[in-house]
Amino acid sequence: MVTLAIHGANWIILKTNSSINGNLKNVIFKLNIALAALTLFSLAVWKTVSPNSLDNFAHKPYLLIFPIIYLTGLVGLFFIKKLKKDIHSFVLSSLLILGGITSSLASLFPVILPSVNSINGPLTIYNTASSEYGLSVALNWGIIGFILLFVYMIIQKRLMDGKVDKMDYGH
């Protein structure tokens, strides 16, 4: 929730020239301190609950790119008051989200859902995968979906470009 609050505040700063934008930067700075503390706490708990949870990063060092992306966003947001362009803070909070999700997935891989008992094994990408036919259908529809998504994003970018308070709404 803290990460999404930071990202939402950065979105408001990016899209408006509001008088509260300066206050939002102060809020983002304070939330970023809380997020750094929560990150350290969650890493400690994760390591306690699952002692070999970070082994993927030791065995496959290329996966370290994901925590680096997260840390780039986290450390960069400590300088939010000095950033000149609003887009920079929004990109940093986007890196925070992207790096956090991908770091979690990289630490779990290939497990999707760890098991809490010895009777039932964990759910992995291998034992939860659909049939080959189902995956091929999903891939084909996924490609069509991504094309439609990108067309939608291009249209929205052209319609909603710039600050909201400077837009002409046609009346």
Side-chain angles (χ1 to χ4, degrees), residues 1-114 122 124-125 142-143 145-147 149-166:
M1 280 191 344
V2 174
T3 303
L4 293 179
I6 289 170
H7 194 60
N10 276 320
W11 178 254
I12 292 171
I13 291 170
L14 178 67
K15 295 305 282 182
T16 67
N17 285 321
S18 178
S19 60
I20 65 167
N21 285 358
N23 294 341
L24 282 175
K25 287 186 178 189
N26 291 329
V27 169
I28 290 170
F29 183 79
K30 291 174 185 173
L31 285 174
N32 205 44
I33 292 171
L35 183 61
L38 287 169
T39 299
L40 293 174
F41 176 73
S42 66
L43 280 173
V45 169
W46 183 250
K47 194 69 175 158
T48 303
V49 170
S50 179
N52 56 355
S53 59
L54 302 177
D55 287 353
N56 277 352
F57 297 111
H59 300 313
K60 300 170 185 157
Y62 58 86
L63 292 177
L64 288 172
I65 189 69
F66 302 122
I68 290 171
I69 291 171
Y70 178 80
L71 289 173
T72 300
L74 185 68
V75 171
L77 283 173
F78 280 113
F79 300 100
I80 188 164
K81 296 176 185 176
K82 295 181 181 181
L83 296 174
K84 299 294 182 209
K85 294 188 176 184
D86 297 336
I87 189 70
H88 294 157
S89 58
F90 185 75
V91 167
L92 287 170
S93 64
S94 297
L95 288 175
L96 196 65
I97 293 170
L98 178 71
I101 291 171
T102 54
S103 294
S104 298
L105 293 174
S107 71
L108 283 171
F109 184 82
V111 174
I112 296 172
L113 186 63
T124 67
I125 61 167
I143 291 169
F146 272 112
I147 291 169
L149 174 69
F150 287 127
V151 168
Y152 172 78
M153 288 172 54
I154 290 168
I155 292 169
Q156 286 301 312
K157 173 75 172 133
R158 289 188 179 168
L159 291 176
M160 301 296 286
D161 197 25
K163 302 276 186 181
V164 175
D165 44 6
K166 290 183 179 179

Leu64 side, atom CG; Leu54 side, atom CG - distance, nearest 0.5 Å: 10.0 Å
- prompt: Mind checking what makes side-chain hydrogen bond (donor to acceptor under 3.5 Å, both in side chains) contact with Asn56, not counting sequence neighbours?
  reply: none
task: Could you pull out the closest heavy-atom pair between Pro114 and Val111, with the gap in Å?
output: N-CG1, 3.5 Å
message: Between Lys15 (side chain only) and Lys163 (backbone N and O only), is there a donor and an acceptor less than 3.5 Å apart?
response: no
query: Got Leu31 and Met1 here, is their nearest side-chain heavy-atom distance under 4.5 Å?
result: no
- request: Find the distance between CG (Leu71) and CZ (Phe66) and round it off to the nearest 0.5 Å.
  value: 14.0 Å
message: Would you compute the distance between atom CG of Leu43 and atom CG of Leu38 and round it to the nearest 0.5 angstrom?
response: 11.0 Å
message: With a 3.5 Å distance limit and no angle check, can you tell me whether Ser50 reaches the backbone of Trp46 through a side-chain donor-acceptor pair?
response: no
- request: Determine whether more than 12 heavy atoms belonging to other residues, nucleotides or ligands lie under 6.0 Å from atom NZ of Lys30.
  value: no
field: Atom pair CG (Leu74) and OG (Ser93), whose distance is rounded to the nearest 0.5 Å
entry: 11.5 Å
- request: To the nearest 0.5 Å, tell me how far Ile6 CD1 sits from Asn32 CG.
  value: 4.5 Å
field: Phe79 atom CZ, neighbour heavy-atom count above 12 within 6.0 Å
entry: no
query: Asn26 versus Lys81: any side-chain heavy-atom pair under 4.5 Å?
result: yes
message: Please find the pair of heavy atoms, one from Thr16 and one from Ile12, that lie closest to each other, and give the distance.
response: OG1-O, 2.7 Å
field: Any residue meeting ring pair (Phe, Tyr, Trp, His ring centres under 6.0 Å) with Tyr70, in chain and number order, not counting sequence neighbours
entry: none
- prompt: Can you tell me how far the NE2 atom of His7 sits from the OG atom of Ser89, to the nearest 0.5 Å?
  reply: 10.0 Å
Heavy-atom side-chain proximity of Asn21 to Leu24 below 4.5 angstrom: yes
task: Would you indicate whether the side-chain heavy atoms of Ser103 and Pro67 approach each other to under 4.5 Å?
output: yes
- prompt: What is the minimum heavy-atom distance between Leu92 and Thr72, and which atoms define it?
  reply: CD2-O, 3.7 Å
- prompt: Side chains of Val91 and Asn10: closer than 4.5 Å at any heavy-atom pair?
  reply: no
- request: Flag the pair Ile13 / Phe90 as yes when at least one side-chain heavy-atom distance between them is below 4.5 Å, and no otherwise.
  value: no
field: Contact check, side chains of Leu96 and Leu77, non-hydrogen atoms, under 4.5 Å
entry: yes
message: If I compare all heavy atoms of Lys25 with all of Asp86, which pair ends up nearest, and what's the gap?
response: NZ-OD1, 4.1 Å
